[in-house]
Amino acid sequence: MDVYGLIGNPVGHSLSPPMHEAGYDELGLDARYVAFEPPADEGAAAVEAAQTLGVSGLNVTIPFKQDVLDAVEPAPLAERIGAVNTVDFSGDTPTGHNTDAVGAVRALSHHGVALSGTAVVVGAGGAGRAVSFGLADEELSVRIANRTESKAHALADDVPGATGHGLDELGDLLADADVLVNCTSVGMESDETPVPADALHGDLAVLDAVYTPIETRLLRDAAAAGATTVDGAWMLLFQGVEAFELWTGAEAPVEAMNDVLRANL
Ligand code: NAP
């Protein structure tokens, strides 16, 4: 039996075990997915322990995404982002990947969104960083807006072709934009939005990384403006799908994984 897992602290709320195990069941794979909660400063040690125990693959979440860089050979995208959310133990040295970036890109393309033109990323934390690199690698021109404007400029300095802005510029930034991704935590467990409703329009595709609730105020406002909407569970799904495919080499059963993910939300 292959064992996969997740390290995070806390991990009690994680949706990854049922989502991945739905994929193993659908494909008839003899595998399990287990959530581990190492102490907050033991991320790299946990990766080494997992390798010793013969674990096949690990997802990595808060607070370990940077720390585990010390225990893996990072893939180029994970190295540029500076964070790892997936470790693959199939080679001699564990390799570190970042599937959050690809998860956002695949969530958009799954909904028929063209990956060209201009994207506005709101937020410059961990999700904003991964999504900005992911979209820039798809040849989108990326505008990053953040409450703390200096962080938007610092991130834009790292992302090819990107520019940094304050939230007060969102109206102008969105006027001719094609894609908007909310990567702030605004709207999580609250009916708030980081983007004024009157800045949204029908030519936008809007992805909200927030997935609790599944229909955020931003997505409601976007739908009312005639925009294409993509909820945060799609991003969560495709970061998992990408890890599943990397580990197993099989095409992930997206529909089965999506059904179980949404049933557990
Ligand atoms: P993070 O690193 O802590 O970054 C938080 C971001 O939110 C920062 O840009 C912060 O701005 C901004 N922010 C927080 N409160 C704000 C407020 N009241 N007004 C305006 N901006 C505010 O968090 P993260 O890891 O990037 O996660 C961000 C969100 O994405 C969370 O809701 C998380 O659950 C979600 N997420 C979803 C997925 C998925 O697969 N769907 C994956 C990763 C993350 P400052 O810099 O000014 O503080």
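Note that the structure is predicted; figures quoted are calculated from it, not measured. In each ligand, atom 1 is the first atom listed, and ligand 1 is the first ligand listed.
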Close approach of Gly103 to ligand 1, heavy atoms, under 4.0 angstrom = no
If you scan protein heavy atoms around atom 9 (O) of ligand 1, the nearest is Asn146 OD1, 2.7 Å
Mind telling me whether His20 and Trp247 have parallel, tilted or perpendicular rings, with 30° and 60° as the class edges?
-> tilted
Note: heavy atom closest to atom 27 (O) of ligand 1, options Gly123, Gly240, Ala127, belongs to Ala127
Residues Arg217 and Glu192 bridged, charged N to O under 4.0 Å | no
Return a yes/no value for Gly126: is any of its N or O atoms, backbone included, closer than 3.5 angstrom to an N or O of ligand 1?
-> yes
Do me a favour and list the nearest non-hydrogen protein atom to atom 12 (C) of ligand 1 with residue, atom name and distance?
-> Thr184 CB, 3.7 Å
Gly232 N/O under 3.5 Å from ligand 1 N/O = yes
N-O pairing of Arg129 and Asp100 below 4.0 Å | no
Heavy-atom side-chain proximity of Leu204 to His201 below 4.5 angstrom = yes
Are the side chain of Asn98 and the backbone N or O of Ala83 linked by a donor-acceptor pair below 3.5 Å?
-> yes
Between Met235 and ligand 1, find which residue part has any heavy-atom pair under 4.0 Å and reply side chain, backbone, both or neither.
-> both
Close side-chain approach of Leu58 and Val68, heavy atoms under 4.5 Å | no
Any idea which part of Lys151 is under 4.0 Å from ligand 1, heavy-atom wise: side chain, backbone, both or neither?
-> side chain
Return a yes/no value for Val186: is any of its N or O atoms, backbone included, closer than 3.5 angstrom to an N or O of ligand 1?
-> no
How far is atom 5 (C) of ligand 1 from its nearest protein heavy atom, and which residue and atom is that?
-> Ser185 OG, 4.4 Å
Flag Leu236 as yes when one of its N or O atoms lies below 3.5 Å from any N or O atom of ligand 1, and as no otherwise.
-> yes
Report, as yes or no, whether the 6.0 Å neighbourhood of atom CZ on Arg220 holds more than 12 heavy atoms from other residues, nucleotides or ligands.
-> yes
Min N/O separation Gln239 to ligand 1 under 3.5 Å = no
Looking at atom 32 (O) of ligand 1, what's its closest protein heavy atom, distance included?
-> Met188 SD, 3.0 Å
Report the part of Pro194 (side chain from C-beta onward, or backbone N, CA, C, O) that has a heavy atom under 4.0 Å from ligand 1; answer both or neither where that applies.
-> neither
Does Phe238 reach the side chain of Val105, with side-chain heavy atoms less than 4.5 Å apart?
-> no
Any pair with a residue in residues 251-265 that passes side chain to side chain donor-acceptor pair (under 3.5 Å), sequence neighbours left out, goes on the list, sorted by first then second residue, please.
-> Asp231-Arg262, Asn258-Arg262
Pair Asp176 + Arg143, salt bridge at N-O below 4.0 Å | yes
Identity and separation of the nearest protein heavy atom to atom 37 (C) of ligand 1 = Ala209 O, 3.2 Å
Side chain to side chain, Leu115 and Glu139, heavy atoms closer than 4.5 Å | no
Which residue owns the protein heavy atom closest to atom 28 (C) of ligand 1, what's the atom, and how far is it?
-> Cys183 O, 3.4 Å
Shortest protein heavy-atom distance from atom 47 (O) of ligand 1, along with the residue and atom involved | Thr148 OG1, 2.5 Å
Can you tell me if Asn59 and Ser16 form a side-chain donor-acceptor pair at under 3.5 Å?
-> no
Sub-4.0 Å protein heavy atom next to atom 23 (O) of ligand 1 | no
If you have a sec, work out which protein heavy atom is nearest atom 18 (N) of ligand 1 and how many Å separate them, to one decimal?
-> Arg147 NH1, 3.4 Å
Hey, is atom 3 (O) of ligand 1 touched by any protein heavy atom at less than 4.0 Å?
-> no
For Tyr211, is at least one N or O under 3.5 Å away from an N or O on ligand 1?
-> no
Remaining members of hydrophobic cluster (4.5 Å side-chain criterion), Met188 | Val210
Atoms of ligand 1 under 4.0 Å from any heavy atom of Val210, numbered from 1 in the order shown, are 32 (O)
